[in-house]
Amino acid sequence: MKLLKSGEVDSAVVSSAFGKGIRFEDLIPEMPGSCGVHINRNEEVILEAYQKGIEAFKRNPDEASNVVISKLPMKMDPSFVKGTMLNSILGIEHVNDYFGFKNAIAPFLKE
C-alpha cells in the first residue's frame, strides 16, 4: 500500500478486507464470482445454510465473524473476516456455464 500511495507501483491486488477497488468480476466479465462452490448433492440444504450465513453477517457482522473464526483450523483476526464480508457483495448466484471463465484464465495458469 505504501508503494501504491507513493506512486512507485501502478496497481495492487489486496484482500477486500483491507481495501475497496475494482472487483475481479468487473475486470473479467466471465468470472462467476469471488467465492464459489460446486455442489454434487443436497443443494437445497447447502444453499439454505449459505443464505443463513449471509443473513447472520448482515444482522451482526461482529458476532458472525467470531463464529467463523471459531470454526477455522488456523488463528485469524476476526476483523479480517468482517472486513472481507462487509466489502463484498453477498448473495447466491447460479452459474451454469463457467467455461468462459476457465478459458479466460487458462493462458495464465501454470501446469
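Numbering starts at 1 and runs along the sequence shown. We use all heavy atoms of the structure for the numbers below, so side chains are in, but hydrogens, waters and symmetry mates are not.
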To the nearest 0.5 Å, what is the distance between NZ (K58) and CE (M85)? 9.5 Å
Contacts of type salt bridge (Lys or Arg N to Asp or Glu O under 4.0 Å), residue K75, not counting sequence neighbours: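 Here no residue qualifies.
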Please name all residues satisfying salt bridge (Lys or Arg N to Asp or Glu O under 4.0 Å) with D77, sequence neighbours left out, ordered by chain then number. none
Using the side-chain hydrogen bond (donor to acceptor under 3.5 Å, both in side chains) criterion, which residues pair with N66? Sequence neighbours excluded.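 Scan of N66 (side-chain hydrogen bond (donor to acceptor under 3.5 Å, both in side chains), adjacent residues dropped) gives none.
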Please name the pair of heavy atoms, one in S65 and one in P78, separated by the smallest distance, quoted to 0.1 Å.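 Shortest heavy-atom separation between S65 and P78 comes out as CB-O, 3.6 Å.
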Tell me, do F57 and L86 make a side-chain contact under 4.5 Å, heavy atoms counted? no
Residues passing the side-chain contact (heavy atoms from CB on, under 4.5 Å) test with E63, sequence neighbours excluded, are N60
Residues that L72 engages under side-chain contact (heavy atoms from CB on, under 4.5 Å), provided they are two or more places apart: V68, I69, M74, M76
Scan the side chains in residues 41-53 for donor-acceptor partners under 3.5 Å anywhere in the protein, sequence neighbours excluded, and list what turns up.
residue : atom : partner : partner atom : Å
E48     : OE2  : K52     : NZ           : 3.4
Q51     : NE2  : E55     : OE2          : 3.4

